[in-house]
*Asks:* 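The structure that follows is given in the form of structure tokens.
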Amino acid sequence: MNQSLKNLPKELWPDEKCERYGVSSLSDEELIAIILRTGTKGSNSLDLSRDLIKNNENGILGLCTMAQKDLMKISGIGRVKALQLICVGELSKRISQKRMRDKVTLNSPKTIAGYYMEELRFCLQENVVIAMFDTKCGLIKDVHVSKGTICSSAVTPREIFHEAIAFGAAFIVLIHNHPSGDPTPSRMDISLTKDVHAAGKIIGIYLADHIVIGDRSYYSFKENGLFDFG
């Protein structure tokens with residue numbers, strides 16, 4: 001721990017506190033301080049962590065989802081510290097997804113939306129993901145097929161079914177995010193869903209749902225009865 005923390009009683013140093021009382025005893029600021037390890041001239045790692053979280057609109061969650069270039073704009077955060085924070089955010093996301101994967105079921109849009117929520121809700125561009133399921137409704141694989149502009153993404157049924165055929169999917173679910181945070185489907189979303197739904201009926205790989213991810217919210221075409229395309 002950096003020298004300036006020695007002004008604190010040893011038992012209050014984040015690393016000492018962690019060893020004595022367990023990691024759950026640490027505040028968000030103390031957890032980040034241990035990850036950063038050192039501060040800057042005149043500011044220890046704990047001070048730096050407090051400033052980082054205090055000055056971020058979304059607190060610790062926003063801090064760990066920022067891009068490297070944006071983190072490096074913050075006083076005291078250089079290349080290495082920025083990469084450390086990015087890696088912690090990515091690790092957290094992967095652990096969360098691994099825990100949820102076995103609970104994902106084709107018949108529950110809520111579980112599918114929850115699985116992709118943290119990955120997609122902070123994206124500044126639209127991302128389209130194909131989730132592929134087997135005949136027993138188990139998740140086989142997911143593939144990112146498009147990253148678009150801030151307001152639209154470009155993906156065709158041909159791209160979608162190329163991936164689905166390659167992985168032997170029986171069913172697919174389209175998932176994409178709206179950077180605005182509002183998951184209400186656009187006219188383009190509805191048009192794409194109709195096209196993919198029709199193509200799937202011909203090919204024999206069925207579109208089970210299209211889920212739009214917003215900010216802590218989602219819209220399921222299946223739940224809202226929008227699959228009556230004739």
*Asks:* If you count every heavy atom of other residues, nucleotides or ligands that lies below 6.0 Å from Lys222 atom NZ, does the total exceed 12?
*Replies:* yes

*Asks:* Indicate the ring-plane relationship of Phe171 and Tyr206, choosing parallel, tilted or perpendicular according to the 30° and 60° boundaries.
*Replies:* tilted

*Asks:* Can you find a pair of side-chain heavy atoms, one from Tyr115 and one from Ile175, that are under 4.5 Å apart?
*Replies:* no

*Asks:* Can you name the nearest heavy-atom pair linking Ala164 to Ile172, along with the distance?
*Replies:* CB-CG2, 3.7 Å

*Asks:* Can you confirm whether Pro109 sits close enough to Ile112 that some side-chain heavy atom of one is under 4.5 Å from a side-chain heavy atom of the other?
*Replies:* no

*Asks:* Side chains of Thr193 and Leu226: closer than 4.5 Å at any heavy-atom pair?
*Replies:* no

*Asks:* Report yes if some heavy atom in the side chain of Phe167 is under 4.5 Å from a heavy atom in the side chain of Val143; otherwise report no.
*Replies:* yes

*Asks:* Residues in ring-ring contact (aromatic ring centres under 6.0 Å, His included) with His178, at least two apart?
*Replies:* His176

*Asks:* Using distance alone, with no hydrogens and no angle criterion, decide if Asp182 and Thr184 have a side-chain donor and acceptor under 3.5 Å apart.
*Replies:* yes

*Asks:* Assess whether side-chain hydrogen bond (donor to acceptor under 3.5 Å, both in side chains) is satisfied between Thr38 and Lys81, documenting all intermediate values.
*Replies:* CA-CA 9 Å; Thr38 60; Lys81 284 184 169 59; 2.9 Å; yes

*Asks:* Mind listing the closest non-hydrogen atom pair of Val196 and Pro157 along with its distance?
*Replies:* CG2-CG, 4.1 Å

*Asks:* Please name the pair of heavy atoms, one in Phe133 and one in Ile140, separated by the smallest distance, quoted to 0.1 Å.
*Replies:* C-CD1, 3.6 Å

*Asks:* Which heavy atom in Ile86 sits nearest to a heavy atom in Ala67, and how many Å separate them?
*Replies:* CD1-C, 4.3 Å

*Asks:* Enumerate donor-acceptor pairs with a distance under 3.5 Å from any side-chain N or O in residues 212-219 to protein atoms, sequence neighbours excluded.
*Replies:*
| from | atom 1 | to | atom 2 | distance (Å) |
| --- | --- | --- | --- | --- |
| Asp215 | OD1 | Arg121 | NH1 | 2.5 |
| Tyr218 | OH | Glu223 | OE1 | 3.2 |
| Tyr218 | OH | Glu223 | OE2 | 3.1 |

*Asks:* For Met132 and Ala169, which heavy atoms make the closest approach, and how far apart are they?
*Replies:* CB-CB, 3.7 Å

*Asks:* With Leu36, which of Asn44, Leu31, Leu85, Leu46 fulfils side chain to side chain contact (heavy atoms under 4.5 Å, CB included)?
*Replies:* Leu85

